Amino acid sequence: MNRGLLIALISTDYPPLRTSAAVQLRDLSREFAAQGHRPVVIVPSPMSDKPWVVEQLDGVEVLRVAAPPTRSPSFVRRAIAEMWLPFAMYFNIRRSPFASANWDLLVWYSPPIFFGPLIAKLRRKSKGNNKARTYLILRDIFPEWAVDLGLVRRGPVYLVFKAIAAFQYSVAQVIGVQTESNLHYLKKWERAPRRIEVLRNWLAVTPDVGSSIVVRNTPLAGRKIFVYIGNMGVAQGMDIFIDLIHSLRDRTDIGFLFVGRGTEFARLEAEKASRDLSNVLFFGEIDSSEIPGLLAQCHVGMVALHPDHKTHNIPGKFVSYVQYGVPVLARVNPGTDLMKLIETEQVGKVYVGNSVIALKKLAEQLIDDEELRRSMSERGRELGHSMFSPAAAVRQIVASAVVPAPGG
């Protein structure tokens, strides 16, 4: 390649947000720049005093454009705001210094599913015969997973979301899904010039700079710690872990730590109080720079996926655990690629089902066998380096622009 590419990297999440998507987009943008390209991160912002602002973060240009807030607790308000989102963003991109940018590659992160119109308009504005290539980073398959969990019925609302998702797929020349098993969900979309491929999740390994959460200064001091980091929502199916904590309340050498946010956070805290559980603590989300310092104090990382899920994903928290050498205790939906990965690579214990007794047995196997945890830790670090690096993700995405698909 003789020159770097001008790349629009579009998402709803970017620092200072602390979501896993924000961290992933930060790591990806840095790696694009490190490999000689010019990434421009484009994210919506609820600012009302100006239509756009350009920032430099870690050597990466970030264009924040005014758009309605989409993080409403009301499902209806959120859906309306997200439907309007691509149009509001496009209107203000056209007022920004990047109004006439001739993009080489348009990359966007989903969820949400609503960026299709924005991508179509930006590509249509490309000059000359070399239209921008388009790459969709698809991290969950909506609305299918919402139907699996009973959040959406197969009625008019489902059909609207299905149509929006279909338009998003239609404007992508390459769609990168998380795992092999997700390929069949999009099989009908794989026709020339569109290609569907597996794009692994990624995470940059960063140094341990400490954490604002210091276990030795809490009531859990001296205990072996199970930690859960990230989102706590309906999709995770967290109740079985509260039952696990209750079943281990007499083990004074074991403690549980939940760090993050989500729709279930307050309810889980209330469960702790109602059951009088002294072996668990809840903390709000912390900056991603603190994650290595937090995990260095913990012994096992927990992953929860609702058992009714039928789609497959590799949660960002799992990638964090293996990258930093923390063995995994996962409760997942049956037959998932994550289950196969944990078992094949021997980086933790995985459980499918609803028996707290069975989950407790696996938890105690992990926490009581130091040598087992040490070997899993080593294999986890090796897996993280080989499978989940930002450098590999960037090379794969860039290849879609350097070698156009036939007829693209």
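This one's a predicted model, so the numbers in the text were calculated from it and none came from an experiment. No hydrogens, no waters, no symmetry mates; every other heavy atom, side chains included, goes into these values.
- Shown here for V43 and S11, the closest heavy-atom pair between the two residues is CG1-O, 3.2 Å.
- Between F388 and W202, the ring centre distance reaches or exceeds 6.0 Å.
- Side-chain contact of S389 with R200: a donor-acceptor pair under 3.5 Å is absent, judged by distance alone.
- For the pair V300/R373, a side-chain contact is recorded, criterion being any heavy-atom separation below 4.5 Å from C-beta on.
- The residue from Y228, F241, F226, F283 that alone fulfils the ring pair (Phe, Tyr, Trp, His ring centres under 6.0 Å) condition with F258 is Y228.
- Smallest separation of non-hydrogen atoms from P112 and S110: O-OG, 2.8 Å.
- When all heavy atoms of P315 and L305 are compared, the closest pair comes out as CG-CD2, 4.2 Å.
- A salt bridge links R267 with E264: the distance from a Lys NZ or Arg NE/NH1/NH2 to an Asp or Glu carboxylate oxygen falls below 4.0 Å.
- Contact check for W103 versus L5: no side-chain heavy atoms found under the 4.5 Å cut-off.
- A salt bridge links R275 with D243: at least one charged nitrogen is closer than 4.0 Å to a carboxylate oxygen.
- At least one side-chain heavy atom of W84 sits less than 4.5 Å from a side-chain heavy atom of P68.
- When every heavy atom of C298 is checked against every heavy atom of L257, the shortest pair comes out as SG-CD2, 4.4 Å.
- With contacts defined as side-chain heavy-atom distances shorter than 4.5 Å, the pair E343/V350 qualifies.
- Among all heavy-atom pairs drawn from E364 and L248, the shortest one is OE2-CD2, 3.7 Å.
- Between F161 and F142, a ring centre-to-centre spacing shorter than 6.0 Å is recorded.
- Using a cut-off of 4.0 Å between Lys/Arg side-chain N and Asp/Glu carboxylate O, K187 and E190 are scored as not salt-bridged.
- Residues L329 and L244 have side chains in contact (heavy-atom distance under 4.5 Å, counting atoms from C-beta outward).
- Of all the heavy atoms in Q178 and I314, the pair that sits closest is OE1-N, 2.7 Å.
- Under the 4.0 Å criterion applied to side-chain N and carboxylate O atoms, D253 and K224 are not assigned as salt-bridge partners.
- Relative to the six-membered ring of F265, R261 misses at least one condition, a distance below 6.0 Å or an angle of at most 45° to the axis.
- Within the 4.5 Å cutoff, the side chain of R395 has heavy atoms near those of the Q35 side chain.
- For the pair H37 and V398, the minimum side-chain heavy-atom distance is below 4.5 Å.
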